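First up is the structure itself, then whatever we jot down about it.
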Amino acid sequence: MKVAISGAGVAGPSLAYWLRRTGHEPTLIERAPQFRTGGYVIDFWGLGYRIAQLMGIEKVILDAGYQVHTIRSVGSDNRVRASLSTDAIRKAAGEKFTSLPRGDLAAAIYDTVKDDVETIFGNNITAINEHSEGVSVSFSGAMTRDFDLVIGADGLHSNVRRLAFGPDTDAEHYLGCCVAACVLEGYRPRDELVYVTHTEPGRSVGRFSLRGDRTMVLFVFRSAEAADPANLEGRKALLRTVYADTGWECPQILAALDDVDDLYFDVVSQIRLPSWSRGRTALVGDAAACVSLLAGEGTGLAMTEAYVLAGELHCAQGDYRRAFANYEKRLRRFIEDKQIAAQKFLPVFATRTQFGVRFRDFVMGTLNFRPLAGLLVSRSLRDDFELPDYAM
């Protein structure tokens, strides 16, 4: 089948890889003029890691990744309030765990298909018209092409979801936080393989040292409105307002924003839909059921959904209705449980009160007690889902 996939991030190229393996002809459509990098540093483990192994890209990911050994919480005076070793996390993940920029993971996946799968950059799907033989897809570049299926892998703010399910679909559930991330060149100080974070009521900022004398900075803050200024200078202005009186290294971090020309910004939301497909159109990854940044596993889940969707299409031998139904049946409960769990982590990223900050730091300290850490961490990292063997 000819399959149009909107989105060349993580879910889209993952799906394209498995579809091509099973004899289909995927086409990736990406709104950006070129392959996008950037984003924040993610932790990568579990089902996503297993699928990366099946795709043969484990070494590439490990080479791009960082083996973080400490998470450190500091006060305004830079004194350490809590420090957590990642040993328990690695043990719970069976040593199959790394941290890397989201863009580097996406690049590793895209490299598996870039020479064999058509990618249309700088374009967007503007209309989806289903007919008896397939789907006519119109693009912003004024062309129209026919496909057998359309897959929305275009993220939290999915254009395909809007076109297929309607613009008024009440799918996005805002969790009360915004997130921003950027890379600073030559920032000092550096703490190698340590994630350093400073939290005040309603906001946190953290930094992590990258190769090439770069530093990734992550901002997470509570906001009553899910408002994105939508342009670089507006986003910088918002961060300067929110963090204006924040201590620690915030003044110099905000000053360093002057030289930043790529600032990732998004709201922390979840997507909840009664169905992940409609007719010949289906959704995958964040477009279908975003679990949010708080889950810490969104990319791995997107890869899992792509694998299962391709596998069910393979098993259904062209019966897309059966494939879409089985794809959702296998995954929906599992993903919904991940969404529920993610909401419980909100106080970790953006604690409301000073007492909450102190309590969070206390809990971090207790997790250095190995028996307790092993119990709690393994429970939070566990994936209650058995990956099907589709023999693809």
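Every value quoted in this text rests on a predicted model; they were computed, and no experiment measured them.
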Report whether [X] and [Y] are members of the same hydrophobic cluster (ILVMFWY, side-chain heavy atoms less than 4.5 Å apart, transitive linking).
{"X": "Val205", "Y": "Val80", "result": "yes"}
{"X": "Tyr187", "Y": "Leu218", "result": "no"}
{"X": "Leu238", "Y": "Leu175", "result": "no"}
{"X": "Leu293", "Y": "Phe219", "result": "no"}
{"X": "Val217", "Y": "Ile71", "result": "no"}

Side-chain heavy-atom pair [X], [Y] within 4.5 angstrom cut-off:
{"X": "Asp43", "Y": "Val68", "value": "no"}
{"X": "Asp213", "Y": "Glu185", "value": "no"}
{"X": "Leu232", "Y": "Phe265", "value": "no"}
{"X": "Glu336", "Y": "Phe334", "value": "no"}
{"X": "Thr27", "Y": "Arg145", "value": "yes"}
{"X": "Asp111", "Y": "Lys114", "value": "yes"}
{"X": "Phe44", "Y": "Met303", "value": "yes"}
{"X": "Ile5", "Y": "Leu19", "value": "yes"}

Decide whether [X] and [Y] meet the rule of one side-chain donor and one side-chain acceptor closer than 3.5 Å.
{"X": "Tyr243", "Y": "Glu200", "result": "no"}
{"X": "Glu192", "Y": "Tyr66", "result": "no"}
{"X": "His69", "Y": "Asp87", "result": "no"}
{"X": "Gln67", "Y": "Arg90", "result": "yes"}
{"X": "Gln34", "Y": "Arg36", "result": "no"}
{"X": "Thr246", "Y": "Arg203", "result": "yes"}
{"X": "Thr299", "Y": "Arg102", "result": "no"}
{"X": "Tyr174", "Y": "Glu225", "result": "no"}
{"X": "Glu312", "Y": "His314", "result": "no"}
{"X": "Glu30", "Y": "Thr119", "result": "no"}

Crowded around [X] [atom1]? As in, over 12 foreign heavy atoms under 6.0 Å?
{"X": "Arg211", "atom1": "CZ", "value": "yes"}
{"X": "Phe362", "atom1": "CZ", "value": "no"}
{"X": "Arg360", "atom1": "CZ", "value": "yes"}
{"X": "Arg272", "atom1": "CZ", "value": "yes"}

When you measure from the side chain of [X] to the backbone N and O of [Y], does any donor-acceptor pair fall under 3.5 Å?
{"X": "Glu249", "Y": "Gly206", "value": "no"}
{"X": "Glu328", "Y": "Trp276", "value": "yes"}
{"X": "Glu58", "Y": "Ile51", "value": "no"}
{"X": "Asn123", "Y": "Ser140", "value": "yes"}
{"X": "Glu130", "Y": "Arg280", "value": "yes"}
{"X": "His24", "Y": "Met1", "value": "yes"}
{"X": "Ser275", "Y": "Ser277", "value": "yes"}
{"X": "Thr353", "Y": "Gly356", "value": "yes"}
{"X": "His198", "Y": "Val74", "value": "yes"}
{"X": "Asp77", "Y": "Arg79", "value": "yes"}

Original post:
Should Phe97 and Thr86 be marked as a side-chain contact (heavy atoms from CB on, under 4.5 Å) after you check the CA-CA gap, both sets of side-chain angles, and the distance that decides it?
Top reply: CA-CA 10 Å; Phe97 182 98; Thr86 61; 5.7 Å; no

**OP:** Run through Thr144, Asn129, Asp146 and flag the one making a side-chain hydrogen bond (donor to acceptor under 3.5 Å, both in side chains) with Ser136.
**Re:**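 The single option meeting the side-chain hydrogen bond (donor to acceptor under 3.5 Å, both in side chains) with Ser136 is Asp146.
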
Original post:
Val10 and Ile109: side-chain contact (heavy atoms from CB on, under 4.5 Å), yes or no, with the steps?
Top reply: CA-CA 7 Å; Val10 169; Ile109 297 169; 3.8 Å; yes

Subject >> Ring centres under 6.0 angstrom apart (Tyr307, Tyr390) >> reply: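 Close enough - the centres of the two rings lie under 6.0 Å apart.
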
**OP:** Give the C-alpha distance, both sets of side-chain angles, the deciding distance and a yes or no for side-chain contact (heavy atoms from CB on, under 4.5 Å) between Val267 and Glu172.
**Re:** CA-CA 10 Å; Val267 296; Glu172 184 175 342; 3.5 Å; yes

Subject >> Criterion salt bridge (charged side-chain N to carboxylate O under 4.0 Å, His left out) on Asp154 and Arg161, from CA distance to verdict >> reply: CA-CA 9 Å; Asp154 44 352; Arg161 185 178 65 236; over 6 Å; no

